[in-house]
2 protein chains.
Amino acid sequence: MREREPLSRERVLVVAVGLADADGIAKLTMRRLAAELGVEAMSLYYHLPGKTGLLDGLLETVLAEVVAATRAVPLAGDWRVTLRGWFLAAREVMLRHPWAPGLLGPGRAIPPSVFAYYELILASLIEAGFSYRIAHRALHAFGSMPLGFVQETFGPAADGDLDEQQLAAMAETMPHVAAMVAAELHDAADPTLGWCDSGVEFAFTLDLLFDSLERYR
Amino acid sequence: MREREPLSRERVLVVAVGLADADGIAKLTMRRLAAELGVEAMSLYYHLPGKTGLLDGLLETVLAEVVAATRAVPLAGDWRVTLRGWFLAAREVMLRHPWAPGLLGPGRAIPPSVFAYYELILASLIEAGFSYRIAHRALHAFGSMPLGFVQETFGPAADGDLDEQQLAAMAETMPHVAAMVAAELHDAADPTLGWCDSGVEFAFTLDLLFDSLERYR
DNA sequence: ACCTGAACACCGTTCAAGT
DNA sequence: ACCTGAACACCGTTCAAGT
């Protein structure tokens, strides 16, 4: 990729996000990123404070995308409908950048804009009649769901390819797991793929939390 | 550290867990691990299939610790009490290995023993009277909480050091956040530290999920 | 102000070789 | 069977130097 416009922090970050989306975050090195920009690796250090600064910038870029997507969602009368809409919009962004949740965590700086975003969520809780105490606990309970980040324990590969034979073997040592898989496979329209629709589960989990919180209002 | 007993996969993993606990997972390299074992880096390859295999083994070791801790928790009459006890026990293990949640995720193999552990959880849900459908959704909703893994959006540093001046500045652009912090600081016994007790929040979130699920039983 | 070349200290990993 | 030495391809980063 030959590029002719001059470098800038923003342009570096946009290209870096694209590279991470395409090949994964592990393949994103200073040298490869520089090559993609038609430049030497050391040039990046003029615009970014090293690899850590690059990763901070990537998180910042994705979270800005989350905030923008959230602002595009209209307010609803019910606080639950509003928040569900916001969080699902965030999840749509996350699906385009599956490497982003891994960046969240200790050692990574949270961009200041995110606090304004949490102000928005908090405001809608307070306006809905919650105390600061419960609103605070709600934020903890939501965890990273407002940012669209989910921690799935098992990847899609875990349940993707199960045939009759494996199911039978499972039935002996893990009867309940086997029965659950069998029951869900029977119900699903497509028996081999996607019986764990994580979007549906994401919304369902939100509603579980919302419904319990509603009683604290 | 001079070590004299012969190498083995298990001994390598035990020392690796200790190294990760002490210095973080980023500092855990094949060369440093080998040095800690009093051996050359290449020797590790006889016992483990490379760095990826090492990380798989680390996750395996931690999850085995979770399963062991869970089995030590006695069953209760109420399904909610049982599961809460199990998940909190898992969280205790996680606190000793804060790098472990970062290992969970795409690309990492889930050790087979974990499926037997989920069988346990699923069994207690079914016995409590849930359908397979709802039990399945419950497992999704719990996410990685059964393994004690939490995705905290903001690290402890984010709210650790806020003085009066910063609070006042926050009040203008983020009135609700500032009011919440002020209210919670007033209530807390120690005003500067630990006003976000993540153990309490972990249990609270579990109860929110449990209480909503109870209505589907 | 912006970019580069050469060099340094570190990775994970291979492969043939030692005992 | 178990461990090693040398070598390779790759990192992030420094520093003085170019324009």
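Order of the sequence lines fixes the chain letters, A, B, ..., with proteins taken first and strands second; residue numbering starts at 1 for each chain. Values reported hereafter were calculated over all heavy atoms of this structure, with side chains retained and with hydrogens, waters and symmetry mates removed.
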>> Using Watson-Crick or G-U wobble geometry with both distances under 3.5 Å, which nucleotide pairs with dT13(C)?
In response: dA7(D)
>> Would you say that more than 12 heavy atoms from the other residues, nucleotides or ligands in this model lie under 6.0 Å from the CZ of R96(B), or not?
In response: yes
>> Using whole Å, what does the distance between atom C1' of nucleotide dC2(C) and atom CZ of R11(A) come to?
In response: 14 Å
> Would F87(B) and F202(B) count as a close aromatic pair, with their ring centres under 6.0 Å?
Replying inline: no
> Just how far, in rounded Å, is P of dC2(C) from NE2 of H47(A)?
Replying inline: 7 Å
> Quick one: E40(B) CD to dT4(D) P, roughly how many Å, whole number?
Replying inline: 5 Å
>> Side-chain N or O of S43(B) versus OP1/OP2 of dC2(D): is the shortest distance under 4.0 Å?
In response: no
> Y46(B) has a side chain; which of dA1(D), dG5(D), dC3(D) sits nearest to it?
Replying inline: dA1(D)
>> Can you measure L44(B) atom CG to dG5(D) atom P for me and round it to whole angstrom units?
In response: 14 Å
>> Test salt bridge (Lys or Arg N to Asp or Glu O under 4.0 Å) on E36(B) and R31(B); report intermediate values, then the result.
In response: CA-CA 9 Å; E36(B) 188 76 16; R31(B) 287 170 144 99; over 6 Å; no
>> Has Y132(A) got a side-chain atom pairing as donor or acceptor with V177(B)'s backbone, closer than 3.5 angstrom?
In response: no
> Under the ring pair (Phe, Tyr, Trp, His ring centres under 6.0 Å) criterion, do Y118(B) and F142(B) qualify, and how do the steps go?
Replying inline: CA-CA 11 Å; Y118(B) 268 76; F142(B) 295 152; 9.2 Å; no
> Roughly how many Å is it from CG in L48(B) to C1' in dC3(D), rounded to a whole number?
Replying inline: 15 Å
> When you check the gap from the basic side-chain N to the acidic O, do R137(A) and E184(B) get nearer than 4.0 Å?
Replying inline: no
> Which letter, B, S or -, goes with each nucleotide of nucleotides 12-19 of chain C from 5' to 3', with contact meaning a protein heavy atom under 4.0 Å?
Replying inline: BBB-----
